[in-house]
Amino acid sequence: MSLKIYNTLTAKKEDFVPLEGKHVKMYTCGPTVYDLSHLGHARKEIVFDVIQRYLRYSGYEVTFVRNITDIDDKIINKAIELKKRPEQVAREFTYTFWKDMHALNVMPPDIEPRATEFIHAMIDFVAELIAEGHAYVSHGDVYFDVASFKEYGKLKKQSLDDLLSGARDQVRSQQELKEVKKSPVDFALWKSAGDNDLGWESPWGRGRPGWHLECSTMIKNVLGDTIDIHGGGEDLVFPHHENEIAQSESLHHTPLAKYWLHNSFVQVEAEKMSKSLGNFRTIEEVLKQFSPDTIRLFILQTHYRSPIEFTEEALKAAQSGLSRLIKAARQAGSKSEATMHASAELAKFRSDFEEAMNNDFNTSIALSVLYAMVDKINTSDPATASQIAFDLKKYAHVLGLTLKDNSKAINSKTAASVMDLVLELREKARENKDYASSDLIRDRLNNLGIKIMDVKGANADWEKA
RNA sequence: GGCGGCAUAGCCAAGUGGUAAGGCAGAGGUCUGCAAAACCUUUAUCCCCCAGUUCGAAUCUGGGUGCCGCCUCCA
């Protein structure tokens, strides 16, 4: 079975056929770096990480681009709040984002452009839109003329009339712009800035780019007019991706992306986890309590287009399940051992795994295949178990699960308690005049580089040599 | 107000016409000095409600109820 992907644009599962042979051009909207990332962001990055890993596993050559939005009102506001320059804020949170992604075993993108590196390209983009009659200048701003793009609304599947009537009750932010915009649905390509505000010179005066513009521009400059996969969270469908389509397609007269993929949210008490609602858990926080693999397993248990309810109980359940995967993976032998036995079983697991992933990346089913492999490993002879475990690890890696066994990695605090216990046992031996045992303990610890110092009238002390 | 989505066991979650995957938790058992791990058995006569289509529906249609998302920054 070949790979099928659900396309938001057509609202159907479609056969995946890249534009150029086995080469896949893929772009997802990266973070706006003004704050720590939370579990919802983690889900998006993990989902698309698995998608690109699976594409590579399937033999595609992937060019994965993920941008960093390092210029935005939120960054500017944060900078004012922290009394820092916007660049400092952007850099700081770019680093924390990278740290989080690294911790979660999310592969870095092949290319990671920043908005500020593309200001001139964005200005060119806007100039072309104006020249083509798709944008207009008003009070130093430039707006996209939505009426000029007849397919507007095709991603969200809502007509311009629907959007306008929908907007009627959402006039709050539109009210102030009534004078400058031709239509409430028109959106800013370029926003004017005061002399002291962050900005760049442009043909329309000092200003800065609108948010939607950067993705269109970077895709054009880095990947080309049409790409294979464009992805992001489902809240980006409208207006962000709709606007990207409007900008790019009215200029290029060719589809911006062939397949549009959107992941669903992480919810807390049946509500979207988001910064504005204040109900978020940062990646940093969650990582203190749960391992990266646990978080990934928790997220991949649910299909990427269904919402996930965040609960500690569910995370703990994932932790228990993960532990079984890790224990079974310990049986893994080397590739050379894994040639003689169970080839029929290996082929079955492989086809089950691939069938699941080919069906719009059904990681829930793919994980159930992994558990089936665990059962087989635990009930087979060592030779068979070892080769199934070898493949188990292989598929786990496609899902970005490391299955790293940390069960023996104790921290120094625990080690100190273990030392207390050892010394207590030695003391008991001494009290029983069992000097053979007490000397054995001291000598063996010595060999490990741990020195024992008996203290008169107190517990023995120890130190690393 | 406009548009869209979801509703499956104690919890999480697959399944879109052929008679309910998987994980966690629970119960009983094997093993064990006792545990742990592992293994075996077991846990939804039924998929929010009502009506309809069909030989057959959790899956399709209509109605209802509840919840969520987007329309404003948002993964």
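One finds a side-chain N or O of A:Asn378 lying less than 4.0 angstrom from the OP1 or OP2 phosphate oxygen of B:rC39. Using a 4.0 Å cut-off, some side-chain N or O of A:Lys272 falls inside it from OP1 or OP2 of B:rC70. Contact annotation: A:Arg330 does not reach the phosphate of B:rA37 (side-chain N/O to OP1 or OP2, under 4.0 Å).
Across the strands present, B:rU30 finds its partner in B:rA38; the criterion is a Watson-Crick or G-U wobble pair with both atom distances under 3.5 angstrom. With a cut-off of 3.5 Å on both pairing distances, B:rG17 has no Watson-Crick or G-U wobble partner at all. If you check B:rG1 for Watson-Crick or wobble pairing at under 3.5 angstrom, you find it paired to B:rC71. Judged by Watson-Crick or G-U wobble contacts below 3.5 Å, the nucleotide B:rG62 has B:rC50 as its partner.
On the C1' atoms, B:rU45 is 45 Å away from B:rG33, given to the nearest whole Å. For the C1' atoms, the distance from B:rU30 to B:rA20 is 30 Å, rounded to whole Å. Here, B:rG56 and B:rG52 have their C1' atoms 15 Å apart, quoted to the whole Å. B:rA44 and B:rG22 have their C1' atoms separated by 15 Å, given to the nearest Å. B:rC3 sits 27 Å from B:rC50 when the C1' atoms are compared, rounded to a whole Å. Rounded to a whole angstrom, the distance from the P atom of B:rU8 to that of B:rC68 is 15 Å. For B:rA38 and B:rC6, the P atoms lie 37 Å apart once the distance is rounded to whole Å. With C1' as the reference atom, B:rC70 and B:rA27 are 46 Å apart, rounded to whole Å.
When heavy atoms are screened at a 4.0 angstrom cut-off, A:Val266 is found touching base atoms of the nucleic acid. Among the heavy atoms of the strands, none lies under 4.0 Å from A:Glu45. Using a 4.0 Å heavy-atom distance criterion, A:Pro307 is classed as a sugar-phosphate-only contact. Contacts of A:Ser306 with the nucleic acid, taken as non-hydrogen atoms under 4.0 Å apart, involve only primed sugar atoms and P, OP1 or OP2. Nucleic acid contact for A:His303: sugar-phosphate only, since backbone atoms but no base atoms lie under 4.0 Å from a heavy atom of the residue. Among the protein residues, A:Gly321 comes within range of the sugar-phosphate backbone only, with heavy atoms under 4.0 Å from sugar or phosphate atoms but none that close to a base. No contact: A:Leu367 has no heavy atom under 4.0 Å from any strand. The residue A:Ser364 sits close to a base: some heavy atom pair falls under 4.0 Å.
Counting only heavy atoms from C-beta on, A:Tyr371 has its side chain closest to B:rG23 among B:rG23, B:rC3, B:rG69. When each of B:rA75, B:rC39, B:rA13 is scored by its nearest atom to the side-chain atoms of A:Asp235, the top-ranked nucleotide is B:rA75. Here the nucleotide nearest the side chain of A:Arg324, chosen from B:rA13, B:rC11, B:rC24, is B:rC24. Side-chain proximity of A:Phe238 to B:rA75, B:rC71, B:rC39: nearest is B:rC71. Counting only heavy atoms from C-beta on, A:Gln267 has its side chain closest to B:rC68 among B:rA75, B:rA21, B:rC68. Proximity note for A:His38 (side chain, C-beta onward) versus B:rG23, B:rA13, B:rA75: the nearest is B:rA75. Side chain of A:Met273, nearest nucleotide from B:rA75, B:rA21, B:rC39: B:rA75. Side-chain atoms of A:His41 lie closest to B:rA75 of the nucleotides B:rG23, B:rA75, B:rC3. When distances run from any side-chain atom of A:Lys44 to the nucleotides B:rG2, B:rC12, B:rA75, the shortest one goes to B:rA75.
Atom pair A:Asp49:CG and B:rA75:C1' shows a separation of 15 Å (rounding to whole Å applied). Rounding to whole angstrom units, NZ of residue A:Lys376 and P of B:rA38 are separated by 18 Å. The distance from atom CG of A:Leu160 to atom P of B:rC71 is 17 Å, rounded to the nearest whole Å. The NZ atom of A:Lys156 sits 9 Å away from the P atom of B:rG4 (whole-angstrom rounding). The interatomic distance linking A:Asn243 (CG) with B:rU72 (P) rounds to 10 Å, in whole Å. Distance A:Gln319 CD to B:rG23 P: 17 Å, rounded to the nearest Å. One interatomic measurement links the two molecules: CZ of A:Phe353 to C1' of B:rA14, which rounds to 16 Å at whole-angstrom precision. Counting to the nearest Å, the C1' atom of B:rG22 and the CG atom of A:Asn362 are 11 Å from each other.
Looking at A:Thr363, A:Asn263, A:Asp360 one by one, the single match for side-chain hydrogen bond (donor to acceptor under 3.5 Å, both in side chains) with A:Tyr304 turns out to be A:Asp360. Evaluated for a side-chain hydrogen bond (donor to acceptor under 3.5 Å, both in side chains) with A:His262, the options A:His241, A:Glu234, A:Arg305, A:Lys44 yield exactly one hit, A:His241. Of the candidates A:Trp260, A:Tyr259, A:Phe48, A:Phe64, A:His230 forms a ring pair (Phe, Tyr, Trp, His ring centres under 6.0 Å) with just one, namely A:Trp260.
Comparing A:Phe265 and A:Ala372 by the nucleotide of RNA chain B that holds the closest heavy atom to each, the one mapping nearer the 5' end is A:Ala372. Comparing A:Gly232 and A:Lys13 by the nucleotide of RNA chain B whose heavy atom lies nearest to each, the residue mapping closer to the 5' end is A:Lys13.
In A:Lys157, the NZ atom is crowded: over 12 heavy atoms of neighbouring residues, nucleotides or ligands sit closer than 6.0 Å. Taking a 6.0 Å sphere around NZ of A:Lys78, one finds it holds more than 12 heavy atoms contributed by other residues, nucleotides or ligands. Heavy-atom contacts from other residues, nucleotides or ligands closer than 6.0 Å to NE2 of A:His397 number more than 12. The number of heavy atoms from other shown groups lying within 6.0 Å of CZ (A:Arg91) does not exceed 12.
Side-chain polar atoms of A:Thr116 and A:Asp70 form a donor-acceptor pair below 3.5 angstrom.
Side-chain atoms of A:Lys157 stay outside donor-acceptor range of the base of B:rC3, with no qualifying N/O pair under 3.5 Å.
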- Task: Decide yes or no on side chain to side chain donor-acceptor pair (under 3.5 Å) for A:Asp405 and A:Ser407, but give the supporting numbers first.
- Result: CA-CA 6 Å; A:Asp405 187 1; A:Ser407 56; 2.6 Å; yes
